**Student:** 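So that we are looking at the same thing, I have put the structure below in structure tokens.
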Amino acid sequence: MAEGFGADPERYDRTRPSYPEALVNQIVEARTELNVLDVGCGTGIAARQFQAAGCTVLGVEPDTRMAEFARRRGLEVEVSTFEAWDPAGRPFDAVVSGQTWHWLDAVAGAVKAAQALRSGGELAVFWNAEIPPPEVLRSFGEIYRRVLPDSLVARQWTTNALDGYAMLSRNAADGIRKAGGFGTPKEWRFNWEKSYTRDEWLDQMPTHGDFGQHPLAQVTEVQEGISAAIDAMGGSFTMGYTTVAMSAVRTSV
């Protein structure tokens with residue numbers, strides 16, 4: 001499933017939400033010229049936000065299609081899994097990972113982050129959890145339950161997404177503790193909203209979960225149902241988001 005995200009990097013970059021400025025500011029803390037390592041950088045959505053905040057960013061990305069897109073957008077990227085990546089003695093002020101840390105072994109990832117960070121540097125991993133309004137959750141959930149009842153994407157629309165991401169955050173914290181070399185992990189949460197037109201939401205749907213792994217007829221039926229549901233809401237809706245982050249500071253080596 002992870003390999004599927006690079007099938008259409010242009011769509012992924014165009015439609016996936018960025019991260020709240022408050023999160024970036026909390027990591028950067030008004031410092032300038034920080035060296036930031038973005039793990040699983042994808043198309044560079046988070047990396048460009050850190051670049052805009054005055055940081056020098058290096059991305060690590062296992063998917064060559066994603067990496068090539070990020071390079072075209074001005075990001076330096078090394079193609080590798082993070083577990084196999086070699087810091088080669090290069091120290092970083094922050095290691096960040098947006099929407100990707102759960103694809104890693106949590107302990108191995110924290111160990112590699114510790115190797116890459118300066119003393120006092122920060123590891124911060126984060127996810128955007130969709131918190132749809134009740135009417136959106138109900139109408140979209142009914143469509144997925146009817147057409148793709150056993151799919152991952154159906155489960156995402158019939159359960160509390162925040163609970164799932166909170167579990168990923170706890171897993172990251174456990175990995176950090178087991179790896180050693182860090183202070184006490186701390187969780188941050190940021191609430192925000194983003195409005196979508198019908199066409200904007202339909203455009204991003206193929207970038208989520210296992211949506212693209214189902215027969216075309218079922219995918220089309222879901223898209224038509226979602227399209228009609230959004231039209232019934234007036235052609236647009238506002239999605240709530242909670243960005244869940246887990247952070248820890250590298251202790252003295």
Side-chain angles (χ1 to χ4, degrees), residues 1-104 108-110 112-118 121-128 172 188 190 192 194 200 203-204 206-208 241 243-247 250:
M1 192 187 304
E3 294 174 354
F5 294 118
D8 191 347
E10 291 83 2
R11 181 194 298 269
Y12 189 97
D13 192 77
R14 179 177 67 247
T15 64
R16 279 298 186 102
S18 57
Y19 301 93
E21 287 187 14
L23 168 67
V24 176
N25 292 339
Q26 186 146 341
I27 295 169
V28 175
E29 293 182 334
R31 296 171 291 178
T32 59
E33 300 181 357
L34 294 184
N35 287 323
V36 174
L37 180 68
D38 186 357
V39 178
C41 66
T43 60
I45 293 172
R48 294 195 299 272
Q49 291 185 257
F50 283 95
Q51 286 179 324
C55 302
T56 298
V57 184
L58 172 66
V60 177
E61 169 58 46
D63 191 311
T64 56
R65 300 163 298 181
M66 290 280 209
E68 201 52 48
F69 183 95
R71 287 169 179 155
R72 292 198 301 269
R73 294 295 302 272
L75 181 65
E76 182 181 355
V77 184
E78 297 180 3
V79 176
S80 175
T81 63
F82 187 50
E83 295 94 333
W85 176 75
D86 183 7
R90 295 168 290 181
F92 293 87
D93 301 297
V95 173
V96 303
S97 180
Q99 219 72 20
T100 59
W101 197 254
H102 55 287
W103 296 110
L104 306 174
K112 184 58 63 75
Q115 294 171 357
L117 282 167
R118 304 177 189 272
E122 185 169 18
L123 170 62
V125 302
F126 41 89
W127 297 266
N128 284 330
W188 308 328
F190 305 87
W192 55 286
K194 179 177 173 62
E200 287 171 339
D203 193 22
Q204 61 79 46
T207 72
H208 282 267
Y241 286 94
T243 300
V244 181
M246 183 57 64
S247 169
R250 180 75 166 99

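All values derive from a computational prediction rather than experimental measurement. When reading the values below, keep in mind they use all heavy atoms of this one structure, side chains included, and skip hydrogens, waters and symmetry mates.
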**Student:** Taking the basic N atoms (NZ, or NE/NH1/NH2) and the acidic carboxylate oxygens, is any pair closer than 4.0 Å for E61 and R71?
**Tutor:**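 Salt bridge flag = no for R71 with E61.
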**Student:** Could you measure the distance from the NE2 atom of H102 to the CH2 atom of W127? Nearest 0.5 Å is fine.
**Tutor:**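 Reported to 0.5 Å precision, the distance equals 7.5 Å.
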**Student:** Could you report the tightest heavy-atom contact between V79 and P62, atom names first, then the distance?
**Tutor:**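 Distance-wise, the nearest heavy atoms are CG1-O, 3.9 Å.
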**Student:** Taking D13 first and then R48, would you say they form a salt bridge - that is, a charged N and a carboxylate O separated by under 4.0 Å?
**Tutor:**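 Result for this pair is yes, salt bridge flagged.
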**Student:** Can you see which heavy atom on D38 is nearest to which on V57, and at what distance?
**Tutor:**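 Taking D38 first and V57 second, the nearest heavy atoms are CB-CG1, 4.1 Å.
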**Student:** Applying the side-chain contact (heavy atoms from CB on, under 4.5 Å) criterion to I27, which one of V24, L23, N25 satisfies it?
**Tutor:**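 Running side-chain contact (heavy atoms from CB on, under 4.5 Å) over V24, L23, N25 with I27 returns exactly one hit, L23.
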**Student:** Listing request: all side chain to side chain donor-acceptor pair (under 3.5 Å) pairs with a residue in residues 81-90, at least two apart in sequence or in separate chains.
**Tutor:**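 Non-adjacent pairs meeting side chain to side chain donor-acceptor pair (under 3.5 Å): E78-W85, E78-R90.
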**Student:** Can you find a side-chain donor-acceptor pair between S247 and W188 that sits under 3.5 Å?
**Tutor:**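 Looking only at side-chain atoms, W188 and S247 do not form any donor-acceptor pair under 3.5 Å.
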**Student:** Quick one: pull up CG in L34 and CZ in R118 and give me the separation to the nearest 0.5 Å.
**Tutor:**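 Interatomic distance, L34 CG to R118 CZ, rounded to 0.5 Å: 9.5 Å.
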**Student:** Below 4.5 Å, heavy atoms only, C-beta onward: do L37 and F82 meet side chain to side chain?
**Tutor:**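 Result yes, sub-4.5 Å side-chain heavy-atom pair found.
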**Student:** What's the shortest heavy-atom distance between G44 and L75, and which atoms?
**Tutor:**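 Between these two residues, the closest heavy atoms are CA-CD2, 4.1 Å.
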**Student:** Do the non-hydrogen side-chain atoms of F69 and R65 ever get within less than 4.5 Å of each other?
**Tutor:**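 No, side chains not in contact.
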**Student:** Spell out, as yes or no, whether a donor-acceptor pair under 3.5 Å connects the side chain of R11 to the backbone of P206.
**Tutor:**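 No.
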**Student:** So which heavy atom on P9 is nearest to which on T43, and how close?
**Tutor:**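 Nearest pair, atom of P9 first, then T43: O-CG2, 3.5 Å.
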**Student:** May I ask you to test the K112-P87 pair for a side-chain heavy-atom distance under 4.5 Å?
**Tutor:**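 With C-beta onward as the side chain, the pair touches.
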**Student:** Is the backbone N or O of G40 less than 3.5 Å from a side-chain atom of S97, with the two atoms forming a donor-acceptor pair by type?
**Tutor:**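 No; judged by distance alone, with no hydrogens or angles, the pair does not exist.
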**Student:** Check whether any side-chain N or O of D93 sits under 3.5 Å from a backbone N or O of N35 as a donor-acceptor pair, and report yes or no.
**Tutor:**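 Yes, because the side chain of D93 sits within donor-acceptor range (under 3.5 Å) of the backbone of N35.
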**Student:** Check whether any side-chain heavy atom of W192 sits under 4.5 Å from a side-chain heavy atom of P17, and report yes or no.
**Tutor:**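 They are in side-chain contact.
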**Student:** In Å and rounded to the nearest 0.5 Å, what is the CZ to CD1 distance from F50 to I45?
**Tutor:**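 Rounded to the nearest 0.5 Å, the CZ-CD1 separation comes to 13.0 Å.
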**Student:** Counting only heavy atoms not in E33, do more than 12 fall under 6.0 Å of its CD?
**Tutor:**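 Count not over threshold, so no.
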**Student:** Starting at OG1 of T243, measure out to CZ of F126 and round the result to the nearest 0.5 Å.
**Tutor:**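 With rounding to 0.5 Å, OG1 (T243) is 8.5 Å from CZ (F126).
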**Student:** Search all heavy atoms of A84 against all heavy atoms of S80 and return the closest pair with its distance.
**Tutor:**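 So the two residues come closest at C-OG, 3.7 Å.
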**Student:** What do the steps show when you test R250 against L123 for side chain to side chain contact (heavy atoms under 4.5 Å, CB included), and what is the final call?
**Tutor:** CA-CA 7 Å; R250 180 75 166 99; L123 170 62; over 6 Å; no
**Student:** Nearest 0.5 Å please: distance from the OH atom of Y12 over to the CE atom of M66.
**Tutor:**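 Result: 5.0 Å between the selected atoms.
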**Student:** Backbone N or O of Q204 within a donor-acceptor pair of the T207 side chain at under 3.5 Å?
**Tutor:**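 Present.
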**Student:** Between E122 and Q26, does the side chain to side chain contact (heavy atoms under 4.5 Å, CB included) criterion hold? Intermediate values first, please.
**Tutor:** CA-CA 11 Å; E122 185 169 18; Q26 186 146 341; 6.0 Å; no
